[in-house]
Number of protein chains: 2
Amino acid sequence: MKKGHQVTMKEIAKRLGVSVSTVSRALKDSPELHPETKRKIAEMAKEMNYQPNLLAQSLRISRTKTLGVIVPEITSHFFASCISGIQDFANKRGYNVMICQSNESIELEKANIKTLVATQVDALLISLSRETNHFEHLDELYQREIPFVLFDRVQEDMPVTKITFNDQNGAYQVTKHLIEMGCKRVMYVSGPEDLYISKKRKKGYLQALKEFGIKEDPSLIKVTDLTQEQNIKVAQEIIDMNPRPDGVFCMIDPLAVDVLTHWKSKGIKVPEDMSLAGFTNNPTSAVVEPPLTTVSQPGYEMGKLSVSHLLDQLEGLASDEPISIVLDTTLVPRKSTGYTG
Amino acid sequence: MKKGHQVTMKEIAKRLGVSVSTVSRALKDSPELHPETKRKIAEMAKEMNYQPNLLAQSLRISRTKTLGVIVPEITSHFFASCISGIQDFANKRGYNVMICQSNESIELEKANIKTLVATQVDALLISLSRETNHFEHLDELYQREIPFVLFDRVQEDMPVTKITFNDQNGAYQVTKHLIEMGCKRVMYVSGPEDLYISKKRKKGYLQALKEFGIKEDPSLIKVTDLTQEQNIKVAQEIIDMNPRPDGVFCMIDPLAVDVLTHWKSKGIKVPEDMSLAGFTNNPTSAVVEPPLTTVSQPGYEMGKLSVSHLLDQLEGLASDEPISIVLDTTLVPRKSTGYTG
DNA sequence: CTGTTAGCGCGTTCAG
DNA sequence: CTGAACGCGCTAACAG
């Protein structure tokens, strides 16, 4: 299957008996052209349905007006929201977006970066995969002076702009909420421990305990790799504990939902037997039974801010100095922690 | 902010005192080169960290190995799954993907197509917006011989390859299931009526009624524009009906979830008071209380098939003749229709 | 086996 | 006000 022929400036020049450069000038409304020829050319361009070849244009001006985005997973509602925000605001400023997913694999992440760079994107927005625990590929971007920002899943030591949520404070708020609702033994269920957000949220959890003078208890911290299988395993382990915790804060909503589902199948009542809270405010968390207390992270907003700042930098509207943008999270109390709004 | 310099073939040619074309040939492992010079060039390329400029390459061979994708909404789990399938299988065959969302707006859809075409994508995969009820922009693609396929939200009369689900049969199965579970008055809640899937699913609904000798009752068909507001309004209207239906088939899961949530807030019990079913098998449908009977549509599979067939056509592995690929759906019976698996 | 030449489509001097 | 000439980075036909 072959693509049909596309009209070029050359052809419209030929038809009108003018030079290509004249056409080029006319099409970008250069002031130093005779209005009449300008009009004629515009007309002919329209008639022939001329569409500029962005490829050639990009090659010439060595800018593609295209941004590359890498996220761990498109099917995650949170990242989809980020993408949505990035798209909308990139488009508003005349930029296109190429999206890739790393499927939480560092190898795919590297490959994605490589092809995006090869296609000459002007800059990148990256959210790191779960596996990413070394950073040579980012160092290389940095050394090659390819502009990029990190969002949500960031590497703290990288000297680039990072957009994150106030994860620690969000976790602090949930934990505090659980305590205030009467929980005495609050557990934290973490994802992989070297994940940025696992660490931050643990900090917030510990901060709240400390504030209420509760001693940290290692048996009240569990770790899962976030596969459904492990999540359920952890859910069962909690049931089997003696004494059980009376409140469980899960690092992320899908984990909390897995736990909730398993508990329900085992006859555990939430929040009567144990309170349960998540993080992210996925759509799902609002419709499970009981509705899940969680922390909302506006992904769309994060995407919007990330791309806006990046473009500001690209276009010289903002300093090149890397900055750290921290977005606020909001506690969303629901029935799963005994809250009755 | 400026991008750093990128190594070109010219530079490595200069360093080695050979011509650019030799470098070009070496880099693509041409058989007619002296192994030694080939080795040298490869080495130098590596040393200088050469990365080919796909832009220039594309311009030269007038193929970008990039596909454009347009979906109504990235944040919909179903479309995210499609995208995921498209990405994975496009990448496997050496293609990149540019994704756009139309936000259910025909104007944005047109704009998206325009920019994707301008960036010279080799082909397009399009799922139409809800608003799209005229098709000049697709006609133009067709006339300009830009290869494209339509998936899920298709226009039936367009002479291009279309990938759809067997929506009618899916709707038939749900309706039949409701009847078999004992419902005497089954209602169909439709989305906008000129939507392809609204029509197809209605057909399936009617087909099942007919098969069971149930007369079609216009008062048992309602329409919503699928905004949450209208969905809730319809949910209330159903409560207010006298007599009420005893089973309600909602065209799509989010609608069913809205209805369920509203009913629960009004004390209606599902399935005791009324049975309820959706369509799509969103993750949400499995975790609401009660879990929602629905019809599963494998989006990833749809994306995979769409892109695979498109690439087959592009690369001459499949005939250019437009075909219609119809994927099977599967009934997923759950508690909301009284099913106890 | 390798260099020279000639574009791909466009923008930008530099002359007229 | 307009045309000719050049080059972005790369590939390919033609020589040798």
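Order of the sequence lines sets the chain letters (A, B, ...), proteins ahead of strands, with each chain counted from 1.
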What integer distance in Å separates [X]:[atom1] from [N]:[atom2]?
X	N	atom1	atom2	value
B:M9	C:dT4	CE	C1'	14 Å
B:L55	D:dG9	CG	P	10 Å
A:L59	C:dC8	CG	C1'	9 Å
B:R39	C:dT2	CZ	P	13 Å

Per atom distances to the B:K28 side chain, the nearest of D:dT11, D:dG9, C:dC10 is D:dT11
Out of D:dT11, D:dG9, C:dT2, minimum distance to the side chain of B:Q57 belongs to D:dT11
I want to check one thing: is the phosphate of [N], taken as OP1 and OP2, less than 4.0 Å away from some side-chain N or O of [X]?
X	N	result
B:K10	D:dC8	yes
B:T8	D:dG9	no
A:T37	D:dT2	yes
A:Y50	C:dG9	no
B:S19	C:dT4	no
A:T22	D:dG3	yes

Note: for B:V18 and B:A56 on DNA chain C, the residue whose nearest nucleotide lies more 5' is B:V18
The residue, B:K38 or A:S24, whose nearest nucleotide of DNA chain C is more 5′ is B:K38
Do [X] and [Y] have a side chain donor and acceptor closer than 3.5 Å?
X	Y	answer
B:S21	B:S24	no
B:D122	B:Y95	no
B:T161	B:Q313	yes

Is any side-chain N or O of B:R25 under 3.5 Å from a base N or O of C:dG3, one able to act as donor and the other as acceptor?
-> yes
task = Examine the base of C:dT4 for any acceptor or donor lying under 3.5 Å from a partner atom in the side chain of B:S21, and report the outcome as yes or no.
result = yes
Problem - NZ/NE/NH1/NH2 to OD/OE distance under 4.0 Å, A:E136 and A:K110 - result: no
Value for NZ (A:K65) from CG (A:N96), rounded to nearest 0.5 Å, stands at 10.0 Å
